[in-house]
Amino acid sequence: MKPLAYRIRPKSFDEIVGQDHLVGKNGVITKMLNQNKLFSMILYGEAGCGKTTIAEIIASQFPLTSYSFNASTDTKAKLKDITDGAKYHENTICIIDEIHRMKKDVQDFLLPFVENGELIIIGLTTENPYRSINPAIRSRCHIYRMNEITKDDVIKLLEKAIISEKYNELPRDILEYIAITSSCEIRSALNMLEVIEMLDKEDLNLENAKKLIGKKAFQLDDKGEYYYDIASAMIKSIRGSDPDAALHYLARLLEIGDIEFISRRLLCSAYEDIGLGNPNIGPRVWAATEAARALGLPEARLPLAYAVVDLATSPKSNSTYVAINDAIKDLETLTSMKIPPHILNKELKSGKYEYKYPHDYKNGYVIQQYLPDELLNKVYYKPKDTGSYERGITEYMKKIKSEAKK
């Protein structure tokens, strides 16, 4: 038997929930159908919000030949077969799943067919197309954002499914639990409903439903993009000095259980976002992540939470992060930067090429050239004023340079 999510997949726009702005009575796609006009478009939104379903209904409603193409797995050769077939029809629809993964050469090949209207594409993506899709393709498509599915939308859909499949009626608390536990992802919610239907009518209660469903289903697609969104939110919360938000996102990452990934992100934050604002933070975070690895879950949450709070509440400085990026950028634009002769590892002890050994001078500092001529007087490292340690660096550098000039 086919899964419930497949059996009750909507066959008309009336059956779709949460997307009235597109397929409701006055929705833009509904108007296209009513006026028998269709334009290339990109639908984007979270997994399970109905992108594929809407695309398939569009294809079924228009009297046009239609094809499907997956940008992750299908080849340019398949797309060529599709465009070759399109030559024999006035218009052809091509539904492109994961369009944000389409390689540049494939996009370039597709472009003229979209431009002359020979091929009408319906691109589907979980990514923001303004960031992830080639501007040339994007400019030739109408872009529509899918609404996030709400808890009430999921409950409404579950109630319809129960009626259409002649399932046992479920108490409201179970319906709400399914909606919350599925993270309002329609496919997950319907899969959970199908599992709960295995309970006898007398056993239909929330506790038994919880046992069958298991842990909360986090919003992770096949490639795990949402996982990285959670990690990014944790790091941004640390950077923004919000320990409560950072702990929330850490908790979500811990549910997935990848201690190594979390540890790498926290160590990166220690040196990128806190840096010399709190120079002891790197070793402390390293110790905490090592402890997490030794303990394993669930106890690993303790040192990781310690590290997250320590990072979030530390003075912030990205001065070394900015400095090294600027130095690398100069390597990309400047060439033939020779090391000053006096600091080469050679015995030059006279005239302007003599190397001055800093420890032989007051305060262990002497003015001499270290940078190549092309970068003379270039300043990469600019101390910040957010922490006492870096304020001390500023004062120290001012002092030794001032006394060296006397």
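Heavy-atom basis, side chains included; hydrogens, waters and symmetry copies ignored.
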Are there more than 12 heavy atoms of other residues, nucleotides or ligands under 6.0 Å from atom OH of Tyr370?
yes
Here the gap from Leu124 atom CG to Ile42 atom CD1, rounded to the nearest 0.5 Å, amounts to 9.5 Å
So, the side chain of Arg140 versus the backbone of Ala136: is there a donor-acceptor pair under 3.5 Å, distance only?
yes
So Ile58 and Met32, do their side chains get closer than 4.5 Å, heavy atoms only?
no
Decide whether Lys398 and Ser402 meet the rule of one side-chain donor and one side-chain acceptor closer than 3.5 Å.
no
Ion pair present between Glu395 and Lys399, side-chain N to carboxylate O less than 4.0 angstrom?
no
Interatomic spacing from CD in Glu15 to NZ in Lys160 - rounded to 0.5 Å
7.0 Å
Which is it for Tyr271 and Ile281 under the side-chain contact (heavy atoms from CB on, under 4.5 Å) test, yes or no, and what are the steps along the way?
CA-CA 8 Å; Tyr271 291 98; Ile281 199 75; over 6 Å; no
Measure the shortest side-chain to side-chain distance between Tyr44 and Ile133 over non-hydrogen atoms and say whether it is less than 4.5 angstrom.
no
What distance do Glu115 atom CD and Ile137 atom CD1 have between them, rounded to the nearest 0.5 Å?
9.5 Å
Residue Arg391 excluded, over 12 heavy atoms near CZ under 6.0 Å:
yes
Quick check: does any side chain N or O of Lys210 sit under 3.5 Å from a backbone N or O of Asn205, one acting as donor and the other as acceptor?
no
For the backbone of Thr313 and the side chain of Ser241, can you confirm whether one donor and one acceptor N or O come within less than 3.5 Å of each other?
no
Is the shortest side-chain N to carboxylate O distance from Lys104 to Asp108 below 4.0 Å?
yes
side-chain contact (heavy atoms from CB on, under 4.5 Å) between Ile400 and Met397, intermediate numbers included:
CA-CA 5 Å; Ile400 61 173; Met397 296 301 290; 4.1 Å; yes
Should the pair Arg293-Glu290 be classified as a salt bridge under the 4.0 Å nitrogen-to-oxygen rule?
yes
Regarding Glu127 and Arg101, does a basic nitrogen lie under 4.0 Å from an acidic carboxylate oxygen?
no
Distance (rounded to the nearest 0.5 Å) between Phe109 CZ and Met102 CE
10.5 Å
Indicate yes or no for a side-chain donor-acceptor contact from His21 to the backbone of Arg145 under 3.5 Å, with no hydrogens or angles considered.
yes
Report yes if some heavy atom in the side chain of Leu170 is under 4.5 Å from a heavy atom in the side chain of Leu193; otherwise report no.
yes
So does Ala161 get a backbone contact from the side chain of Glu159, meaning a donor-acceptor N/O pair under 3.5 Å?
no
What distance separates Thr75 OG1 from Asn70 CG, expressed to the nearest 0.5 Å?
11.5 Å
Show your reasoning for whether salt bridge (Lys or Arg N to Asp or Glu O under 4.0 Å) applies to Lys80 and Asp84.
CA-CA 6 Å; Lys80 188 176 186 306; Asp84 286 344; 3.3 Å; yes
Between Asp81 and Tyr67, do the side chains contain a donor N or O and an acceptor N or O under 3.5 Å apart?
no
How many angstroms lie between atom CG of Asp229 and atom OG1 of Thr126, to the nearest 0.5 angstrom?
8.5 Å
Residues, nucleotides or ligands: over 12 heavy atoms within 6.0 Å of Lys76 NZ:
yes
Counting heavy atoms not belonging to Glu202, are there more than 12 under 6.0 Å from its CD?
yes
